[in-house]
There are 2 protein chains.
Amino acid sequence: MSTPTPQGPARNRILATATRLFYSEGVHTVGIDRIIAEAAVAKATFYHHFPAKDELVRAYLEAEFARQRGAIDALRAAIGDPIATLVKIFEGLGDNGASAAFRGCPFTNAAAEYPDPAHPVRQTIAEYRRWSHTLFHDLLAGSGHPDADRTATILMMIRDGIVVGSDLDDPKALRPAIGEAVDRVLQR
Amino acid sequence: MSTPTPQGPARNRILATATRLFYSEGVHTVGIDRIIAEAAVAKATFYHHFPAKDELVRAYLEAEFARQRGAIDALRAAIGDPIATLVKIFEGLGDNGASAAFRGCPFTNAAAEYPDPAHPVRQTIAEYRRWSHTLFHDLLAGSGHPDADRTATILMMIRDGIVVGSDLDDPKALRPAIGEAVDRVLQR
DNA sequence: GAGAGACTAGACAGACCTGTCTGGTACTGT
DNA sequence: ACAGTACCAGACAGGTCTGTCTAGTCTCTC
C-alpha cells in the first residue's frame, strides 16, 4: 500500500495517521473511523488516549507547533546572524511550499474549519501566530532594526502570502518573488 | 430574530442564506437542511435550483467573485490613477478586515475544505486568484511600473496576509501596517 | 379554463458521524 | 500471583448528512 501503517505505540500511530489525513484532506472530512482503521487501532484505544476528536485536532496542531519550534531553534543556533536566519526562514517557506504534498498552513486551514475564536483549537492557532510574530520581531530587534514590531507584522503578511499562494497558485512562479519580497520589506 | 428570512424568489433566498452561513460557519459544517430551513424553502425547491450542494458552493463563490469585480470596476472608474486605486484597494481590505463579521477570505476558506485542486469549486477559486493577480499587474503596468509581474505577486502576498491576519490576529494592530507594507513593496 | 412551472411539506433511504460499551487478550511491575 | 494498564474487535445508540420521492398548492400565461 502507498501509506503503510505507522509503527510504534498506539498513541503515536493515531497521531501520525491523523496528521497525515487532517493535513491532506481537512479536519471535518476525515472521521474517527477512518483514522482508527488506518492507524490499526481499536476505537476504545483511541478514546482512551483522546477524550474527543477535538482533542486529537489540538494534539495534531500542538505537535506541528513543537516541530516548527524545534526546526527554528536549530536554524537560529546554526546560523547566528538574525537577518540571515530570517532570509533562510523565508527561503524554507518557499521550498516547503513547492513540495508535492504541500497543502497550505495547517493552522490557517484548521482555522477555516473552526470559526469560533473561543474554541480550544483556535486558541492553539492563536498561540502559534503570536509565536510567529514574536519570532520575526526578535530576529529584527536582534539585528537592531528600528521598526521591529511593524516590520514583523508585514513579514507575517509575506509569510501568509507564501503559504496561501504556494497552495492555491503556482508555487514555481511564487518562489523567485520571495527573496525580493523580503528585501523590499526590509528595505535593503 | 437576529437573522430574518431573506426576501425575494426562492433561489435568491437560498443563495443569500447560504452565503451568510457558509461564510460565517464554513461549508462542510452547514448542512442543506439548515439552509432550506433558514431560507424558508422546500427541499425539492432547493434541488430544483441547485443539483447538488457543491453547485451551491460554487454559486456562492461565483456571486462573491462578481460582487468584488463590480466593486473594483467602480473603484477604478471613480479614481482613475492606478497607484491611487491600488492604495485604496488595500485600505479597503483593512477596513473590511476590521469589521465584526469578518471571517477571512471566502475563497481561501473554501479551499481549505476542498483539498482536491481538480474540484470545480477549486477551479472557481483559481479563477478568482488569477483575476486578483491580473488586477494588480494591470494597475502596476498602467502606472509604468518596471517590474509589474513580480510586484503583483508580492502584492498578492500582502493581500493574503491582510485577510488571514485580520481573521486570526488583531485587526486593529494590523491596520496601520498596511499602508507601510504597500509603500515598501512599491519601494516608494 | 387549462396547462406549465415554481413552489410547499415532509417522509424516506442509505450512508456516515461521534462516542459508549462489552468482553476479552497480553504485558508489566510488585 | 495479582493488579493495573494498554490494547484488541466490534456492536450499538442516537444523531446528521445528502439526495430522492410523493403529493399537493399557487400563480401566471395563453
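We use all heavy atoms of the structure for the numbers below, so side chains are in, but hydrogens, waters and symmetry mates are not. Chain A is the first sequence line, chain B the second, and so forth, proteins listed ahead of strands; every chain is numbered from 1.
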I'd like to know if [X] pairs up with [Y] as an ion pair, taking the criterion as any Lys NZ or Arg NE/NH1/NH2 lying under 4.0 Å from an Asp or Glu carboxylate oxygen.
X	Y	answer
A/Arg58	A/Glu55	no
B/Asp167	A/Arg129	no
A/Asp169	B/Arg130	no

Given atom [atom1] of [X] and atom [atom2] of [N], what is their separation to the nearest angstrom?
X	N	atom1	atom2	answer
A/Ile36	C/dT20	CD1	P	14 Å
A/Leu56	C/dC17	CG	C1'	15 Å
B/Phe50	C/dA6	CZ	C1'	14 Å

With a 3.5 Å distance limit and no angle check, can you tell me whether [X] reaches the backbone of [Y] through a side-chain donor-acceptor pair?
X	Y	value
A/Lys53	A/Val27	yes
A/Thr153	A/Asp149	yes
A/His28	A/Glu113	yes

Point to revise | Reading 5' to 3' through nucleotides 9-25 of chain D, protein heavy-atom contacts under 4.0 Å coded B for base, S for sugar-phosphate only, - for none | key: BB-------BBBB----
Point to revise | Residue-phosphate contact under 4.0 Å: B/Thr45 side-chain N/O, C/dA6 OP1/OP2 | key: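 For C/dA6, OP1/OP2 do not have a side-chain N/O of B/Thr45 under 4.0 Å.
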Review point. Would you say C/dT8 has OP1 or OP2 under 4.0 Å from some side-chain N or O of B/His48?
Key: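 B/His48 to C/dT8 OP1/OP2: no side-chain N or O under 4.0 Å.
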